[in-house]
Amino acid sequence: MEFEESIPPNVIRIETEDGSGEYIEIEFDENDALKDINNNNNDELNDLLHQAKDILYELSPASSAQSAYNNFTAGEYKDALIDAITILPMAKAFKAKTIANKIKNIISKDKRKEDIRIAKPKPKSLSRQEVLEIINGLKKALNPKGKPRTRIYLVNGKEELMALWERLTKNFKSERIETSEKGTRIIRTLDDDTEITLRSYSSKKSGNTPTIDTKINGKDYKIHIGN
């Protein structure tokens, strides 16, 4: 009796169209959506914590103190601002009190936010120029006469193609998946809106699957698995 292999809900499997039975798998972080929701809800608090840190930095310019402030929770920032009010100039004291009260109000609505720390900046994705430099360093595909084909490149196998896909799209801004009779396309958008696509199919003539596509400065670039 044969059993169908179970695929986790956070994994998408794309089978190649060449009849080989091979496939590629993309694993997603199951908590991505929840992280996005939490980050959006904490934008106001994060801004207040940055303002609190700036005020406290002025009181303790030593690098060791600044390092400690970087690890403060929202509750600790609130308490530190209240303690600093008596030694701050009047204008700064008023600002510190206002920020402390706003932090207090946010925490009072959700006690869990008392332990929130300043969010680290999101790592940036590659720029279109950096993507182009990587692609131009790849081996070029040749036509039947042995001449390089225009903006078509090759890698040595599926694993190399997938590693390249992850390298080109690391820290991508957004992602969408499209399916059609031809197969599946995963489109990742970078910070500068460059789109890079991984698709499970190619033309019947080439038979090179899967394939990476992108368009940079109005020109199409393709990366296949070499024969």
Side-chain angles (χ1 to χ4, degrees), residues 4-33 35-36 120-227:
E4 185 176 344
E5 185 180 359
S6 176
I7 302 175
N10 63 317
V11 172
I12 181 171
R13 177 176 291 180
I14 303 176
E15 296 184 5
T16 59
E17 302 293 317
D18 57 6
S20 65
E22 292 190 338
Y23 56 83
I24 56 178
E25 288 186 342
I26 307 292
E27 182 176 350
F28 302 93
D29 187 338
E30 292 176 299
N31 296 316
D32 275 348
K35 287 177 183 176
D36 289 341
K120 294 180 180 179
K122 180 184 178 295
K124 293 183 178 181
S125 66
L126 296 179
S127 66
R128 62 174 57 88
Q129 184 58 40
E130 290 171 323
V131 169
L132 188 56
E133 288 174 2
I134 292 173
I135 292 175
N136 284 334
L138 299 174
K139 176 183 176 182
K140 277 201 166 187
L142 303 178
N143 63 23
K145 295 182 179 180
K147 299 289 183 66
R149 299 183 65 185
T150 304
R151 297 185 299 280
I152 299 179
Y153 300 83
L154 299 175
V155 293
N156 293 322
K158 183 176 68 174
E159 288 186 5
E160 188 174 331
L161 185 83
M162 293 306 299
L164 178 64
W165 159 253
E166 295 297 343
R167 181 186 178 192
L168 294 176
T169 63
K170 186 176 180 180
N171 302 321
F172 59 90
K173 180 172 64 175
S174 62
E175 179 180 78
R176 68 183 188 274
I177 300 173
E178 298 177 353
T179 57
S180 67
E181 293 180 354
K182 292 182 178 180
T184 303
R185 299 170 71 230
I186 301 175
I187 304 101
R188 289 180 175 175
T189 305
L190 307 185
D191 290 338
D192 63 4
D193 293 328
T194 298
E195 290 190 343
I196 302 178
T197 299
L198 174 68
R199 54 186 167 92
S200 64
Y201 57 90
S202 61
S203 65
K204 292 182 180 179
K205 182 178 180 180
S206 67
N208 297 91
T209 58
T211 297
I212 294 174
D213 297 302
T214 189
K215 178 173 284 190
I216 298 177
N217 300 326
K219 297 178 180 179
D220 292 319
Y221 293 82
K222 302 182 187 299
I223 305 164
H224 295 299
I225 296 173
N227 295 323

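Ionic pairing of R176 and E195 is present here: one or more N-O contacts between side-chain nitrogen and carboxylate oxygen are shorter than 4.0 angstrom. Under 4.0 Å is where a charged nitrogen must lie from a carboxylate oxygen, and between D193 and R128 no such pair does. At a threshold of 4.0 Å, the pair D213-K222 counts as salt-bridged, since one of the basic side-chain nitrogens sits closer than that to a carboxylate oxygen.
Rounding to the nearest 0.5 Å places CD1 of I187 at 5.0 Å from OG1 of T197. Here the CD1 atom belonging to I212 is positioned 4.0 Å from the CG atom belonging to L161, to the nearest 0.5 angstrom. Rounding to the nearest 0.5 angstrom, the gap separating the CG atom in L168 from the CG atom in L190 is 8.5 Å. Here T179 contributes atom OG1 and I186 contributes atom CD1; the two are 11.0 Å apart, rounded to the nearest 0.5 Å. Distance check, rounded to the nearest 0.5 Å: NZ of K158 to CE of M162 gives 8.5 Å.
Side-chain N or O atoms of T189 include none that pairs as donor or acceptor with a backbone N or O of K173 at under 3.5 Å. Of the possible polar contacts, one joining the S200 side chain to the T184 backbone as a donor-acceptor pair under 3.5 Å is found.
Considering all non-hydrogen atoms of both residues, D220 and K215 come closest at OD1-CE, 2.8 Å. The two residues L138 and I223 have their closest heavy-atom pair at CD1-CD1, 3.9 Å. Summarising the geometry of I196 relative to W165, their closest heavy-atom pair is O-CZ3, 3.4 Å, with the distance given to 0.1 Å. H224 and T211 get closest at one heavy-atom pair: ND1-OG1, 3.0 Å.
Contacts classified as side-chain hydrogen bond (donor to acceptor under 3.5 Å, both in side chains) and involving residues 129-140 (residues at least two apart or in different chains) are given here: S127-E130, N136-Y153.
Considering only heavy atoms from C-beta on, L164 comes within 4.5 Å of I134 through its side chain. With a 4.5 Å cut-off on side-chain heavy atoms, T214 and I135 count as touching. No side-chain heavy atom of K170 sits less than 4.5 Å from a side-chain heavy atom of L126. At a threshold of 4.5 Å between non-hydrogen side-chain atoms, the residues T169 and L198 do not count as touching.
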Give the intermediate values and the outcome of side-chain contact (heavy atoms from CB on, under 4.5 Å) for residues V155 and I225.
CA-CA 5 Å; V155 293; I225 296 173; 4.3 Å; yes
